Amino acid sequence: MLVRDAMSTLVLTIGPDHTLRQAARLMSARRVGAAVVLDTDANGLGILTERDILNSLAANQDPDKETAGTHTTTDVVFAAPSWTLEEAADAMTHGGFRHLIVLDGHEPAGIVSVRDIIRCWAPRHRHAGALQA
């Protein structure tokens with residue numbers, strides 16, 4: 001199975017000037033764990049995750065003053081829609097992260113998460129286990 005089969009194509013895109021509270025509200029409303037941060041003036045595409053927001057709160061930073069841009073990961077590993085789920089899982093494991101921005105050309109086409117991969121693999125493994133029983 002390929003990344004294009006598992007990825008979410010509804011991508012939450014925010015700007016670097018969004019506060020962490022604004023980002024958290026948008027992520028919560030869309031029930032996603034990451035947002036693509038589009039900074040046309042500086043770093044291009046980055047990613048802000050729920051973990052980034054949690055780390056800021058744990059450091060007693062004010063979510064109404066801290067911006068997405070200061071907490072965005074800009075050293076991003078991007079996936080292609082044609083990657084296998086195994087390739088995506090390997091990239092996540094080696095990089096220590098749970099989300100990959102999927103690029104089609106130079107544009108974000110989706111996000112694939114560990115949860116997406118598990119959702120795709122679980123029925124296959126459950127079926128294989130039933131055949132072995």
Side-chain angles (χ1 to χ4, degrees):
M1 188 170 273
L2 301 178
V3 165
R4 75 170 48 92
D5 303 317
M7 70 184 191
S8 172
T9 56
L10 297 174
V11 179
L12 173 59
T13 303
I14 63 173
D17 294 329
H18 277 78
T19 67
L20 292 186
R21 185 176 308 280
Q22 290 170 324
R25 283 185 175 145
L26 291 168
M27 291 164 65
S28 178
R30 299 224 182 138
R31 301 179 53 81
V32 296
V36 173
V37 180
L38 179 57
D39 187 350
T40 56
D41 294 332
N43 301 318
L45 291 178
I47 191 165
L48 179 75
T49 67
E50 56 201 359
R51 184 179 297 162
D52 297 322
I53 295 169
L54 183 66
N55 287 339
S56 176
L57 292 174
N60 290 322
Q61 295 175 336
D62 185 345
D64 293 312
K65 293 182 180 170
E66 293 295 316
T67 63
T70 59
H71 294 278
T72 297
T73 300
T74 56
D75 184 20
V76 179
V77 175
F78 297 101
S82 60
W83 279 17
T84 65
L85 294 185
E86 288 82 6
E87 289 174 304
D90 284 345
M92 290 178 190
T93 300
H94 292 328
F97 45 81
R98 298 177 293 154
H99 300 86
L100 284 169
I101 300 172
V102 182
L103 292 183
D104 190 5
H106 296 290
E107 297 297 318
I111 291 185
V112 66
S113 69
V114 170
R115 181 177 294 166
D116 296 326
I117 293 171
I118 291 170
R119 180 179 39 80
C120 290
W121 282 349
R124 184 176 60 184
H125 291 291
R126 187 171 37 243
H127 180 69
L131 293 176
Q132 293 174 353

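Quick caveat, the model's predicted, so the values are computed rather than measured. Counting begins at 1 with the first residue of the sequence.
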Spatial distance of atom CD1 (Ile47) from atom CD1 (Ile101) [nearest 0.5 Å]: 4.5 Å
Kindly say whether Ala24 contributes a backbone atom to a donor-acceptor pair with the side chain of Ser28 at under 3.5 angstrom? no
If you compare all heavy atoms of Val11 against all heavy atoms of Ala109, which two are closest, and at what distance to 0.1 Å? CG2-C, 4.3 Å
Transitive ILVMFWY side-chain link Leu2 to Ile111, under 4.5 Å: no
For Trp121 and Ala89, which heavy atoms make the closest approach, and how far apart are they? CH2-CB, 3.8 Å
After noting the C-alpha distance and the side-chain angles of Met92 and Leu100, does the key distance pass the side chain to side chain contact (heavy atoms under 4.5 Å, CB included) rule? CA-CA 8 Å; Met92 290 178 190; Leu100 284 169; 3.9 Å; yes
Quick one: does any side-chain atom of Asp90 pair with a main-chain N or O of Glu87 as donor and acceptor, under 3.5 Å? no
Measure across Ser8 and Asp116 and return the closest heavy-atom pair with its distance rounded to 0.1 Å. N-OD2, 4.2 Å
Going through the distances and angles, do Leu45 and Val76 end up as a side chain to side chain contact (heavy atoms under 4.5 Å, CB included)? CA-CA 8 Å; Leu45 291 178; Val76 179; over 6 Å; no
Has Asn55 got a side-chain atom pairing as donor or acceptor with Asp52's backbone, closer than 3.5 angstrom? no
To the nearest 0.5 Å, tell me how far Thr49 OG1 sits from Phe97 CZ. 11.0 Å
Can you find a pair of side-chain heavy atoms, one from Ile117 and one from Val112, that are under 4.5 Å apart? yes
Glu66 side chain vs Pro63 backbone, donor-acceptor pair below 3.5 Å: no
Can you tell me how far apart NZ (Lys65) and OG1 (Thr70) are? Round to the nearest 0.5 Å. 13.5 Å
About how many Å separate CE of Met1 and OG1 of Thr84, when rounded to the nearest 0.5 Å? 11.5 Å
What pair of heavy atoms forms the shortest contact from Thr67 to Pro16, and how long is it? CB-O, 3.3 Å
Could you work out the complete set of other residues in the hydrophobic cluster of Leu57, with links drawn between I, L, V, M, F, W and Y side chains under 4.5 Å apart? Leu12, Ile14, Leu20, Leu26, Met27, Val32, Val37, Leu48, Ile53
Does Val3 reach the side chain of Ser82, with side-chain heavy atoms less than 4.5 Å apart? no
What is the minimum heavy-atom distance between Ala80 and Val102, and which atoms define it? C-CG1, 3.9 Å
Heavy-atom closest contact (Arg119 atom, Ala6 atom, distance): NH2-O, 3.1 Å
Euclidean distance, Thr9 OG1 relative to Met7 CE, rounded to 0.5 Å: 6.5 Å
Short question: side chain of His71, backbone of Ala68 - any donor-acceptor pair under 3.5 Å? no
Does Asp75 have more than 12 heavy atoms from other residues, nucleotides or ligands lying within 6.0 Å of its CG? no
Counterpart residues, side-chain contact (heavy atoms from CB on, under 4.5 Å), relative to Arg98 (two or more places apart): Glu50, Arg51, Val114
